[in-house]
Amino acid sequence: MTGRILIDLFSTLDGVAQGPGGVGEDTSGGFAFSGWQAGYPSSGVGPEITKGMEGLDALLLGRRTYDIFAAYWPHHTDGPSGEIGQLFDRVPKYVASRDADLALEWQGSSRVGADLAAEIADLRARHREVHVIGSIDFVHTLLAEGLFDQLNLWVYPILLGAGKKVFDDGALPSVLELLEPPVTDAEGVTLLRYGRTERTPQVDTFED
């Protein structure tokens with residue numbers, strides 16, 4: 001079995017993916033719009049998220065996102081979001097950190113980061129679908145090293161003008177493949193599913 005690494009991100013139209021889920025989630029760098037996604041209700045995102053989680057059998061998270069999830073999801077295994085809460089509580093959770101003494105109290109949690117490329121290969125061998133949710137700083141590392149298979153990007157019709165972008169200057173030059181037609185809901189939020197390829201951008205000149 002060769003599993004896949006899937007990145008799930010919420011982004012504004014100008015590419016900002018910092019702190020979408022709540023006020024105070026990520027205000028680093030003086031970011032003033034933490035919680036921007038929560039402030040823009042969308043009728044289509046919830047069903048698509050639930051659909052996208054059907055094959056998930058492991059989580060791979062950056063430290064900040066892990067702490068947010070660990071404080072929330074174990075206590076939300078009932079109610080409207082209970083299905084996702086139960087799933088996250090049940091599956092193995094891998095946390096990217098260089099801190100060898102990191103204490104991880106959420107059940108099923110362990111650290112990766114000593115040799116990320118080798119550890120990603122091991123996760124692909126052990127799991128069918130490993131999802132990276134949020135974790136924008138860690139995502140920058142995966143994009144820079146080409147250590148992902150699919151990017152699921154929810155794009156909101158919002159401009160913020162500042163904040164951590166999906167693609168920073170360290171992203172590996174590459175050509176992505178659109179895997180499915182875009183899905184757009186009534187609020188204008190569009191889901192784009194891209195697969196990584198081995199192709200690199202080519203340059204040319206338009207002929208008259």
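The basis for the numbers below is simple: all heavy atoms, side chains too, and nothing from hydrogens, waters or symmetry mates.
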Engineer: If you define the side chain from C-beta out and look only at heavy atoms, does anything of Thr50 sit under 4.5 Å from Glu48?
Structural biologist: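 Heavy-atom side-chain distance check fails, nothing below 4.5 Å.
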
Engineer: Heavy atoms, side chains only, cut-off 4.5 Å: are Asp89 and Trp106 in contact?
Structural biologist: yes

Engineer: Answer with yes or no whether the hydrophobic clustering places Ile136 together with Ile120; edges join I, L, V, M, F, W, Y residues whose side-chain heavy atoms lie under 4.5 Å apart.
Structural biologist: yes

Engineer: Quick one: are Lys165 and Val16 in side-chain contact, heavy atoms under 4.5 Å?
Structural biologist: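 Of all side-chain heavy-atom pairs linking Val16 with Lys165, at least one is under 4.5 Å.
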
Engineer: Do Leu191 and Asp185 have side chains that get closer than 4.5 Å, going by heavy atoms?
Structural biologist: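 Counting from C-beta outward, Leu191 and Asp185 never come under 4.5 Å.
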
Engineer: Take the angle between the ring planes of Trp73 and His76 and call it parallel below 30°, perpendicular above 60°, tilted in between.
Structural biologist: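 Aromatic pair Trp73/His76 classed perpendicular.
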
Engineer: Not counting sequence neighbours, list each pair that qualifies as a ring pair (Phe, Tyr, Trp, His ring centres under 6.0 Å) and has a residue in residues 20-53.
Structural biologist: Trp36-Tyr156, Tyr40-Tyr156

Engineer: Do Val189 and Pro157 come close enough that some side-chain heavy atom pair is under 4.5 Å?
Structural biologist: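 Side chain of Val189 against side chain of Pro157, heavy atoms only: contact under 4.5 Å found.
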
Engineer: Donor-acceptor pairs under 3.5 angstrom involving side-chain atoms of residues 143-151: please list them, not counting sequence neighbours.
Structural biologist:
from, atom 1, to, atom 2, distance (Å)
Asp149, OD1, Arg124, NH2, 3.4
Asp149, OD2, Ile5, N, 2.7
Asp149, OD2, Arg124, NE, 3.0
Asp149, OD2, Arg124, NH2, 3.1
Gln150, OE1, Arg4, NH1, 2.6
Gln150, NE2, Asn152, OD1, 2.7

Engineer: Would Leu56 end up clustered with Tyr66 when hydrophobic side chains under 4.5 Å apart are linked, directly or stepwise?
Structural biologist: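 Yes; tracing contacts between hydrophobic side chains, which count when under 4.5 Å, links both residues.
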
Engineer: Say whether, by atom type as modelled, one donor and one acceptor occur between the side chain of Glu25 and the main chain of Ile68 under 3.5 angstrom.
Structural biologist: no

Engineer: Does the side chain of Phe138 reach to within under 4.5 Å of the side chain of Thr65, using non-hydrogen atoms?
Structural biologist: no

Engineer: Identify whether Leu160 and Phe10 are in the same connected component of the hydrophobic contact network (ILVMFWY, side-chain heavy atoms under 4.5 Å).
Structural biologist: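 As far as the 4.5 Å side-chain criterion goes, Phe10 and Leu160 are connected within one cluster.
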
Engineer: Considering the options Leu9, Thr190, Leu192, Ile49, which one meets the side chain to side chain contact (heavy atoms under 4.5 Å, CB included) requirement together with Trp154?
Structural biologist: Ile49

Engineer: Is it the case that over 12 heavy atoms from other parts of the model lie below 6.0 angstrom from the CG atom of Asp169?
Structural biologist: no

Engineer: Does Asp122 pair with Arg126 as a salt bridge, N-O distance under 4.0 Å?
Structural biologist: yes

Engineer: Please tell me if the side chains of Pro74 and Gln107 come closer than 4.5 Å, counting only heavy atoms from C-beta onward.
Structural biologist: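 No, every pair of side-chain atoms sits at 4.5 Å or beyond.
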
Engineer: Does the side chain of Glu129 reach to within under 4.5 Å of the side chain of Val91, using non-hydrogen atoms?
Structural biologist: no

Engineer: Would you find more than 12 non-hydrogen atoms of other residues, nucleotides or ligands less than 6.0 Å from Glu187 atom CD?
Structural biologist: yes

